[in-house]
Amino acid sequence: MANRSARPPASTPNRGSVLPAFGLIGWRWVSRNPASAVAPILLPFVFLYFLRLIAPPEYFPLEIVGAMLFTTQNIGSWVLGDSASWRIETRMQDVFVASPLTKSRYLIGIALSNLIPAAPALLVLGALLAYVVAVPLLGWAVLVGAILVLWILFSAIGVAVSSRVKSQREIWPVGNLTFTVLGMLSPLYYPLTILPPAWQVVARFLPTTYAALLVQGTLHLPGAVPSDPWLDGALLLLLAAVGTAVALRMYRWREGD
Amino acid sequence: MPAEALVARNVAKSYRLRRGLTVDALRGVSLTVHPGERFALLGRNGAGKTTFLRIASTLLVPTSGTVEVFGRDAIADPVAVRSLLAVVPQEGKPFFHLTPREQVYAYLSARGFDRATARARTDEALGQMGLLEVADRLSTTLSGGQRQRTVVATVIATEAPLLFLDEPTIGMDPFARREVWESFRRLSRKGCTILLTTHYLDEAESLSEHLAIIERGRLLTQGTAEGLKQQVGGTLRVSVPDGARIRSELETFGQVVDDGEKLHVVVGPERVQEILALAAREKLQPTVGPVTLEEAFLRAVGRSIDAEG
Amino acid sequence: MTFLGLRWEGTRAFGATEMRVQLHEGLAIATSMIVQVVLLVFVLVLDRSILPYALVGAVVYSVFMLGQRLQNEAAYIRIDHKLTDLYFASPLSAEAYFLGMSAGVLVAYLPPILVLAAVLVVVVHLSLLAVGTLLFVGVAVWFFTCSFGYIISTQFKDNRAIWPYASLITNFFGVLPPVFYPLALLPGYWHPLALLLPTSAAVILIEAAQGGLVAVSGSGLALAAVALSAEAVVAFALAIVWARRSARER
């Protein structure tokens with residue numbers, strides 16, 4: 001019988017760490033694939049350009065905020081892609097599961113690594129927003145808060161959906177369906193009130209709607225719907241908390257759970 | 001007395017298919033791995049090796065049975081044991097956009113190692129895997145074997161008390177395999193326990209101190225390589241090409257195994273001359289060699305480790 | 001079977017295989033319409049008057065997206081499945097592989113495009129001339145986009161790296177130029193470029209054939225037609241050369 005247990009089992013760290021590992025993973029993704037950062041910068045501008053042509057010009061600030069929230073929401077789609085690819089193709093998820101890193105820390109890590117390519121786009125859009133309207137300090141705080149809440153929520157949705165994907169080929173259509181539809185149902189690029197009534201009812205169930213209403217209202221943007229920012233903020237937090245909890249529950253960390 | 005590294009009792013796993021059909025991937029496997037031991041699970045493709053390894057390493061929930069890792073319940077409380085183990089998954093690949101050095105360092109960081117330790121362990125693991133020359137090349141530019149060694153380096157760098165290695169040397173050339181084996185022995189000397197799955201008989205024999213043969217989800221036999229060979233009932237193997245016409249005579253010497261090209265029979269040295277004479281009478285040209293793990297496997301499973309189905 | 005000095009044996013068989021592969025992915029086929037639907041929603045919500053333009057654009061954009069689908073598929077087969085090696089080391093020629101894959105993707109993704117085209121015909125009351133033009137430009141855009149997508153697909157070693165480029169290409173050709181909106185909304189100095197880009201040239205030709213949708217001179221329309229045809233032919237030739245070269249390199 002071998003018995004060389006010279007080291008006690010507790011000699012390895014018993015708590016995983018997110019920032020250095022996933023910061024490196026995210027940064028290297030951007031530094032070695034610059035298009036991964038350039039695409040998120042350009043995409044909202046393509047939409048903004050299209051909207052600028054067909055929408056009333058006074059909605060432009062509202063559309064910029066919408067582009068920021070839409071970019072944040074899109075992080076979920078990239079999280080889905082990474083998470084599914086790491087599970088199905090590289091099997092690195094197995095390597096992470098069999099480690100002290102917990103499911104929720106892995107989620108934060110993968111969300112962080114995908115926030116990095118989105119960050120330049122958010123900064124450029126923020127600068128553009130500051131250029132077209134005066135944004136008070138409180139406005140920035142609310143905007144950043146809304147972005148953080150949506151970032152976590154949609155990253156959680158991304159990993160949850162990824163654990164149900166069976167093949168790499170499903171990633172693109174499933175992500176496209178989930179995140180584009182969720183994004184379009186919320187009044188990100190247009191005021192809620194110009195949507196058909198049935199659509200408005202559906203939009204009221206989506207956290208992104210309250211993120212948009214909250215920011216639009218706080219910044220008093222043209223086209224903003226008169227509403228109570230406290231109520232919008234509370235509903236955003238409530239829906240995001242419920243959504244994140246459900247997503248984490250849906251997320252299969254250990255196969256068969 | 002210290003707890004065993006791994007104790008599995010009656011571990012079973014069934015998968016439900018469509019139309020109410022079920023597949024039993026594991027049917028009540030029980031085994032014990034002692035601390036510091038190198039333990040090999042040997043079996044054909046689809047025998048249940050990977051399923052067992054995934055359950056024991058907290059990646060998969062079993063249908064029934066219990067698993068303890070260093071005395072802690074790995075099924076009910078996987079979080080409690082995960083800091084004690086690490087896994088090389090089957091057909092794992094490193095992150096495509098990282099170099100081997102970044103890959104290993106990132107994983108050690110994620111496991112909570114401080115920067116200095118992570119850097120030192122990264123260099124050490126890459127050195128052991130013979131990857132220092134390509135440590136700063138992008139993974140996409142590496143050969144298949146180098147990528148596999150990167151994944152192994154990622155995991156062994158943790159020096160976790162219990163390492164699970166699922167077919168760890170697949171795709172490697174013979175020289176690299178031996179380097180990897182040596183690194184496993186080194187880890188073992190440091191006190192790490194290793195459970196590996198393999199269908200390479202030479203790997204199991206050379207590397208493991210204890211091995212178990214698994215077939216169709218059942219653990220058929222276990223012991224040391226020498227012990228399993230002794231169970232075969234002889235020390236020499238006589239192989240007779242095109243020996244069908246003397247099969248009945250051969251069967252009087254012991255169990256005859258037909259691999260499609262040759263008939264094999266295991267005997268003691270005292271009976272070899274009789275078989276050679278019998279073969280010479282029929283103008284056949286038999287060969288004689290020492291009993292290997294292959295005979296032990298054939299005896300336990302009834303077919304070659306490379307046989308399909 | 002040789003044509004233009006190239007071997008096309010196996011194109012039909014490989015195309016049928018590829019079509020079956022694609023048809024297993026109903027969700028991908030269904031979601032191939034999402035961007036078009038989103039942009040149509042923008043138009044419906046914000047400016048319903050440009051709906052005819054957006055519908056023409058949606059059909060052309062859908063054909064253009066076939067190239068993106070092919071780009072992903074070709075990369076996936078090469079990087080993940082490593083089946084390209086298997087095909088290239090067989091009697092199937094590189095040109096038959098490329099054309100077969102393009103045809104397979106086209107057939108599988110045709111139904112939603114036809115539905116969209118039917119909506120266009122009904123809503124805009126498309127004339128016979130415009131329908132004929134739609135068919136002509138559709139084939140040209142298909143040749144261009146599949147060729148372009150195939151060439152791009154050979155440039156990557158990691159599937160994930162392709163996606164950002166794919167979305168950039170899609171938006172550069174599909175959303176920025178006047179595909180979903182009238183040419184008149186674009187500043188005049190950009191008009192020549194719009195006539196040269198395959199997607200907007202295709203849309204402008206259909207709109208001109210319908211009459212009353214776009215005001216472009218005869219020479220402008222000739223430029224669009226020549227540019228689109230030349231781009232389709234040149235891109236297709238390049239893709240053939242590229243396919244053969246990448247097969248040889250293996």
Side-chain angles (χ1 to χ4, degrees), chain A residues 1-34 36 82 85-106 108-110 112-113 117 252-257, chain B residues 2-3 5 13 34-38 54 57-63 69-70 78-79 82-99 102 105-115 118 138 151 154-155 158-162 164 188-193 209-210:
Chain A
M1 179 198 294
N3 197 344
R4 308 186 192 90
S5 54
R7 283 177 318 127
S11 64
T12 55
N14 57 13
R15 198 176 152 91
S17 171
V18 166
L19 196 60
F22 289 90
L24 177 68
I25 291 169
W27 166 243
R28 281 305 179 202
W29 173 242
V30 173
S31 68
R32 295 195 171 120
N33 299 282
S36 65
D82 274 4
S85 168
W86 297 359
R87 180 174 64 83
I88 300 167
E89 194 187 359
T90 67
R91 299 183 190 265
M92 279 304 293
Q93 182 177 300
D94 283 351
V95 182
F96 282 113
V97 173
S99 83
L101 203 71
T102 57
K103 172 159 96 168
S104 47
R105 278 173 177 260
Y106 182 73
I108 300 284
I110 207 163
L112 174 72
S113 72
R252 284 191 192 136
W253 186 235
R254 181 170 60 162
E255 198 185 332
D257 261 338
Chain B
K13 180 69 187 177
H34 308 301
E37 189 171 56
R38 293 192 302 274
R54 289 180 66 78
S57 60
T58 76
L59 296 176
L60 175 66
V61 181
T63 308
V69 170
F70 291 107
V79 176
R82 282 183 177 142
S83 63
L84 304 175
L85 53 89
V87 171
V88 172
Q90 195 175 91
E91 295 179 0
K93 293 174 195 157
F95 289 118
F96 293 132
H97 68 288
L98 297 185
T99 65
E102 291 162 351
Y105 177 81
Y107 183 60
L108 292 178
S109 297
R111 285 190 71 115
F113 286 96
D114 62 72
R115 189 184 294 190
L138 213 53
V151 176
T154 304
V155 172
T158 63
E159 294 187 10
L162 179 55
F164 293 93
S188 178
R189 286 194 289 275
K190 284 183 171 180
C192 296
T193 309
E209 297 155 314
H210 193 100

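- Contact tally against chain B (heavy-atom pairs below 4.5 Å) for A:Ala21, A:Pro20, A:Ala98: the top residue is A:Ala98.
- Ring orientation note: the planes of A:Tyr106 and A:Phe22 are nearly perpendicular, at an angle over 60° on the 30°/60° scale.
- Note: B:Leu59 leads B:Thr154, B:Leu85, B:Leu59 in heavy-atom pairs under 4.5 Å with chain A.
- Residue B:Leu162: no heavy atom, backbone or side chain, is found under 4.5 Å from chain A.
- Heavy atoms closer than 4.5 Å to chain B are found nowhere in A:Val18, neither backbone nor side chain.
- Comparing A:Gly16, A:Gly109, A:Ser31, A:Ser99 by heavy-atom pairs within less than 4.5 Å of chain B, the highest count is held by A:Ser99.
- At a 4.5 Å heavy-atom cutoff, the contact between A:Phe96 and chain B is made by backbone and side-chain atoms alike.
- In terms of the salt bridge (Lys or Arg N to Asp or Glu O under 4.0 Å) criterion, residue partners of B:Arg54 (sequence neighbours excluded) are, by chain and number, A:Asp94, A:Glu255.
- Looking at B:Val155, the atoms closer than 4.5 Å to chain A (heavy atoms on both sides) all sit in the side chain, from C-beta outward.
- For a residue to count as touching a neighbouring chain, one of its non-hydrogen atoms must lie under 4.5 Å from one of that chain's; by this rule B:Pro94 touches chain A with the backbone only.
- Put simply, of A:Ile25, A:Leu101, A:Asn33, A:Thr102, the one with the most heavy-atom pairs under 4.5 Å next to chain B is A:Ile25.
- Interface remark: of the candidates B:Gly92, B:Ala110, B:Gly112, B:Ala110 forms the most heavy-atom pairs closer than 4.5 Å to chain A.
- In terms of the salt bridge (Lys or Arg N to Asp or Glu O under 4.0 Å) criterion, residue partners of A:Arg32 (sequence neighbours excluded) are, by chain and number, B:Glu102.
- Between B:Thr63 and B:Lys13 the shortest heavy-atom distance is OG1-CA, 3.3 Å.
- Residue contact with chain B, scored on non-hydrogen atoms closer than 4.5 Å, involves the backbone and the side chain of A:Glu89 alike.
- For chain A, the nearby part of B:Phe96 is the side chain; its heavy atoms alone come within less than 4.5 Å.
- Considering every non-hydrogen atom in both B:Cys192 and B:Ala160, the closest pair reads SG-O, 3.4 Å.
- Using a 4.5 Å cut-off between heavy atoms, B:Gln90 touches chain A through its backbone atoms (N, CA, C, O) alone.
- Taking every heavy atom of both residues into account, B:Thr193 and B:Gly36 meet most closely at OG1-N, 2.8 Å.
- The minimum heavy-atom distance linking A:Arg28 with B:His97 is given by the pair C-CD2, 3.7 Å.
- When side chains are defined from C-beta on, B:Lys190 counts as touching B:Glu159, because their heavy atoms get closer than 4.5 Å.
- Pairing each heavy atom of B:Arg111 with each of B:Thr158, the nearest pair is CD-CG2, 3.4 Å.
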